[in-house]
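Here the structure comes first, spelled out in structure tokens, and everything after it is commentary.
Excluded from the calculations below are hydrogen atoms, water molecules and symmetry mates; all remaining heavy atoms, backbone and side chain alike, are included.
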Amino acid sequence: MRKTIITAAAAILLLGALPVRADEGMWLPCLISQRIEDMQAKGFKLDAEDIYSINKASLKDAVVLFGSGCTGEVVSPDGLIFTNHHCGYSFIQRHSSVEHDYLKDGFWAMDRSEELPNPGLSVSFLERMEDVTDIVLKGGDVRANCRALEKEAAKDGAGLRARVEPLYHANRYYLFVYREYRDIRLVGAPPSSIGKFGGDTDNWMWPRHTGDFAIFRIYADKDGNPAEYSADNVPYTPKNYLKINRKGVQPGDFTMVFGFPGRTNEYAHSAEVGYTQDISDPMKIDIRTQRLAIQKKYMAQEQKIRIQYSAKSATIANGWKKWQGEVGGLRRNGILERKKAFETGFEKWAKGTAYEGLTDRIAAAYDALVPARFTRELYQETAAAFELGNFAGNVFNALKKDGTVNGDGFFKNWYEPVDRECFIVEMTEFGKRIPEGRAPAYYTAQMKKYGSAEAWADALFKKTLFTSNEKVNALTAKDTARVKKDPVYVFASEFSTWAAEITPEYAKRNAALAPLMKEYMKAQMEYQPEKDFYPDANLTLRVAYGKVQGYRPSDAIDYYPVSTLKGIIEKDNPEIFDYNIPQLLRDIYAEGGHDGQPVCFLATNHTTGGNSGSPVLDAGGNLVGINFDRVWEGTMSDLAFDPSFCRNISLDVRYLLFVIENIGKATRLIDEMTFVE
Ligand code: ARG
Ligand code: GLU
């Protein structure tokens with residue numbers, strides 16, 4: 001009995017300290033030598049220099065930042081790259097029309113001349129990264145030092161781009177030098193009924209069966225240098241490309257994810273956790289629940305409305321679902337209490353040092369920050385979400401700039417009853433939730449005048465010209481005065497002026513918190529000298545490693561970590577949009593022999609948004625999967641990683657090959673890949 005009590009107490013202490021546990025971490029590639037022994041102990045067969053090297057081609061030379069917030073990987077000597085379907089989605093959409101609906105039917109270039117250019121899309125390779133902390137801090141002008149370093153690093157070489165980024169809450173600074181390629185062509189994409197199979201129903205969930213991939217190719221000038229699109233450009237010969245493991249993975253196998261995670265906050269104060277789980281996430285979830293219900297109601301009524309709102313709804317639902325998982329995970333794991341216990345231990349240690357009272361000072365800085373931060377977030381979820389209001393602002397700007405405006409694009413995807421009912425929700429919730437004394441005078445006056453958000457909506461929609469495509473298209477420069485008086489324009493401009501006025505307060509409060517968090521980060525590293533600290537994600541290249549493993553989402557349910565084609569057939573239902581697979585896939589399955597075809601797998605790698613499209617590598621550094629999601633019971637990993645719930649979801653590369661061969665019939669692509677047996 002006594003022994004149990006001691007063990008429990010020790011366990012609480014350990015939990016309180018939130019040490020880096022199995023498989024947690026997003027490690028810097030240039031410092032991977034510090035992790036390589038642990039990686040090798042877990043099965044990895046290569047060396048640190050194979051992952052990141054500036055002397056020879058290494059795995060990092062096959063990984064790209066895709067667009068502005070995804071990852072991709074090079075898989076052939078001719079610059080072929082894989083990423084997620086949802087990362088390529090907007091580009092596939094831009095090439096789509098009623099005659100060629102590539103989103104719906106998929107797209108396969110049958111030879112290189114059919115590969116489609118994508119203005120605005122770029123991919124960036126990391127050339128090198130380097131700790132420049134001493135140079136940045138010299139003399140005290142951090143900003144000027146950073147700009148000078150960036151300028152110097154990018155000065156010779158086509159497409160070079162350099163950024164100095166703070167790491168460890170600005171205790172360190174690293175220089176990142178990228179080479180950016182700008183002629184990126186679409187090569188292949190499965191139909192959405194494969195690439196987005198399961199839609200928002202399955203999003204953030206396991207069991208998952210999404211074939212979430214798209215294929216692009218990097219083009220360069222004749223010397224292999226980055227260049228704007230030109231018909232004369234040629235496929236780029238990369239420094240390195242990934243070989244593909246066709247044998248795939250088994251439960252327990254080592255996996256490594258190499259990509260660009262966007263943002264995490266692992267060393268946060270309990271005030272951040274409390275704000276997220278008790279204030280911010282619940283507000284966003286509640287309001288989005290109501291907006292989504294309105295969209296869903298109308299989308300179910302008519303095909304046209306479903307198309308109008310499917311992309312908008314998907315974006316709203318993606319965050320909405322993630323935050324629910326996050327709140328659930330934070331609560332279930334008692335993260336707030338653990339953080340508080342950690343702070344108590346920290347303060348005991350800090351007594352008599354310069355750090356004494358630091359956690360209280362941070363708590364006070366949060367108290368000062370929260371009203372402005374919450375007000376901004378509430379604005380984003382309410383007034384700034386009013387579609388017609390945003391449109392009015394854009395129309396006014398276009399009129400001022402060009403003297404003419406065309407609203408067709410807006411009206412194609414807008415349905416008045418949806419926006420009107422959402423407006424009522426947005427304004428009602430705004431009034432209920434805005435901190436005392438912070439509402440704009442305009443809002444208070446309108447609510448007083450009309451008595452309710454419903455009556456206000458009636459008046460707005462009756463008087464505005466912005467609900468009419470015809471009236472909007474007829475506007476000329478002479479009408480700016482009239483537009484300025486339109487009640488919807490007034491709404492948008494009053495709210496945005498008010499929101500802009502919060503910015504200085506918000507910036508000031510954040511600026512007060514930042515040095516305290518910098519100090520706290522440094523102090524935590526001194527407090528736990530035995531712990532390996534990885535820097536929070538900031539869209540710079542990282543290595544995560546773990547293994548293929550399922551999890552137990554709740555009592556008596558065990559998730560197996562590999563899904564198969566059989567599961568797609570089980571979900572298949574022509575009546576349900578998210579589960580209606582292509583007839584060709586049904587036919588292929590009916591031929592038999594494909595039951596065991598792997599589709600997706602779970603692993604314990606620590607990932608976040610931005611890791612979409614990241615290569616998932618086996619122990620030999622060969623491609624086995626493409627990361628595209630996390631399970632929602634584990635989305636609290638942005639604040640606290642829990643090894644029993646946090647799993648990343650990857651597309652099995654064997655399903656990708658299966659789709660290329662059987663659905664795309666694009667064997668020319670398979671021919672340029674290299675396979676390891
Ligand atoms: N949850 C994934 C991510 O955060 C995929 C989102 C795209 N898929 C979707 N069904 N909305 O980006
Ligand atoms: N789907 C996410 C992305 O686009 C990855 C999911 C996550 O881990 O947040 O980056």
Side-chain angles (χ1 to χ4, degrees), residues 90 200 203 276 279-299 305-324 372-397 407 409-435 438-440 442-444 446-447 450 452-454 456-461 464 466-467 486-503 506 609:
S90 60
D200 285 297
N203 193 19
T276 303
I279 299 173
S280 172
D281 282 2
M283 175 273 285
K284 295 185 287 193
I285 294 165
D286 282 0
I287 298 175
R288 288 192 181 198
T289 299
Q290 299 176 59
R291 289 168 56 209
L292 284 164
I294 293 164
Q295 296 181 346
K296 197 172 165 191
K297 179 177 77 181
Y298 287 103
M299 283 162 75
I305 305 168
R306 190 183 60 66
I307 294 169
Q308 286 179 323
Y309 279 86
S310 64
K312 295 181 206 171
S313 217
T315 305
I316 298 169
N318 196 41
W320 170 80
K321 201 157 173 183
K322 186 205 148 168
W323 296 319
Q324 292 176 60
R373 181 169 164 187
F374 179 79
T375 301
R376 279 163 65 96
E377 289 189 285
L378 182 64
Y379 168 64
Q380 284 307 324
E381 297 296 320
T382 57
F386 179 36
E387 294 179 73
L388 204 61
N390 293 330
F391 178 56
N394 294 341
V395 168
F396 180 76
N397 292 338
F410 173 80
F411 286 101
K412 179 173 170 279
N413 285 328
W414 182 76
Y415 187 59
E416 181 171 332
V418 172
D419 202 21
R420 182 196 192 104
E421 282 185 38
C422 285
F423 174 87
I424 293 168
V425 165
E426 286 148 12
M427 287 302 103
T428 306
E429 293 297 326
F430 182 86
K432 270 201 245 166
R433 293 167 192 267
I434 185 80
R438 281 188 174 258
Y442 164 79
Y443 173 86
T444 314
Q446 297 300 301
M447 286 299 275
Y450 293 109
S452 72
E454 284 84 350
W456 184 9
D458 285 344
L460 262 192
F461 279 83
T464 186
F466 286 106
T467 51
D486 187 282
V488 172
Y489 177 79
V490 171
F491 174 96
S493 108
E494 289 282 348
F495 262 101
S496 68
T497 305
W498 163 82
E501 283 163 9
I502 306 163
T503 304
Y506 177 71

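Separating the CZ atom in R288 from the CG atom in D286 is a distance of 12.0 Å, to the nearest 0.5 Å. Between the CZ atom of R420 and the CD atom of E387 there is a distance of 14.0 Å, given to the nearest 0.5 Å. We find the CZ-CD distance between R291 and E381 to be 6.0 Å, quoted to the nearest 0.5 Å. Atom-to-atom distance recorded for Y443:OH and F491:CZ is 9.5 Å, nearest 0.5 angstrom. Between C422 atom SG and M427 atom CE the span is 11.5 Å, to the nearest 0.5 Å. Note that CD of E416 is 5.0 Å distant from OG1 of T467, once rounded to the nearest 0.5 Å.
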**Item:** Derivation and outcome, side-chain contact (heavy atoms from CB on, under 4.5 Å), residues Q324 and W320
**Value:** CA-CA 7 Å; Q324 292 176 60; W320 170 80; 3.0 Å; yes
**Request:** Would you please test V490 and E494 for side-chain contact (heavy atoms from CB on, under 4.5 Å) and show each step?
**Result:** CA-CA 6 Å; V490 171; E494 289 282 348; 3.9 Å; yes
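The minimum heavy-atom distance between E421 and K297, with the atom names listed, is OE1-NZ, 2.9 Å. Closest approach of K321 and D200 over heavy atoms only: NZ-O, 3.0 Å. Minimum interatomic distance between A499 and Y379 (heavy atoms only, all atoms of both residues): CB-CE2, 3.5 Å. The minimum heavy-atom distance linking A457 with I424 is given by the pair CB-CG1, 3.8 Å. Nearest heavy-atom pair, L388 versus F461, reported as atom, atom and distance to 0.1 Å: CD2-CE2, 3.9 Å. Closest heavy-atom contact between S313 and Q295: OG-OE1, 2.9 Å.
Ring-plane geometry between Y489 and F396 is classed as tilted, the angle between the planes lying from 30 to 60 degrees on a 0 to 90 degree scale. Using cut-offs of 30° and 60° for the angle between ring planes, the F466 and F391 rings count as perpendicular. In this pair, W414 and F411 present their aromatic rings perpendicular. The plane angle is above 60°, beyond the 30 to 60° band.
Tested against R433, the residues I287, T428, T375, I279 include a single side-chain contact (heavy atoms from CB on, under 4.5 Å) partner, I287.
Under the 3.5 Å distance criterion, the side-chain polar atoms of T464 are left unmatched by any main-chain donor or acceptor of L460. Between the K312 side chain and the N413 main chain, a donor and an acceptor come within less than 3.5 Å of each other. Using a distance-only test at 3.5 Å, with no hydrogens or angles considered, no donor-acceptor pair links the side chain of Y415 to the main chain of R306. A donor-acceptor pair under 3.5 Å links the side-chain atoms of N390 to the main chain of A384, judged by distance alone.
By the 4.5 Å heavy-atom criterion applied to side chains, F386 and V488 are counted as neighbours.
Atom NZ of K412 sits in a sparse spot, with 12 or fewer heavy atoms from other residues, nucleotides or ligands closer than 6.0 Å.
A centroid separation of less than 6.0 Å is found between the aromatic rings of W498 and F430. Between Y298 and Y309, the distance from one ring center to the other does not fall under 6.0 angstrom.
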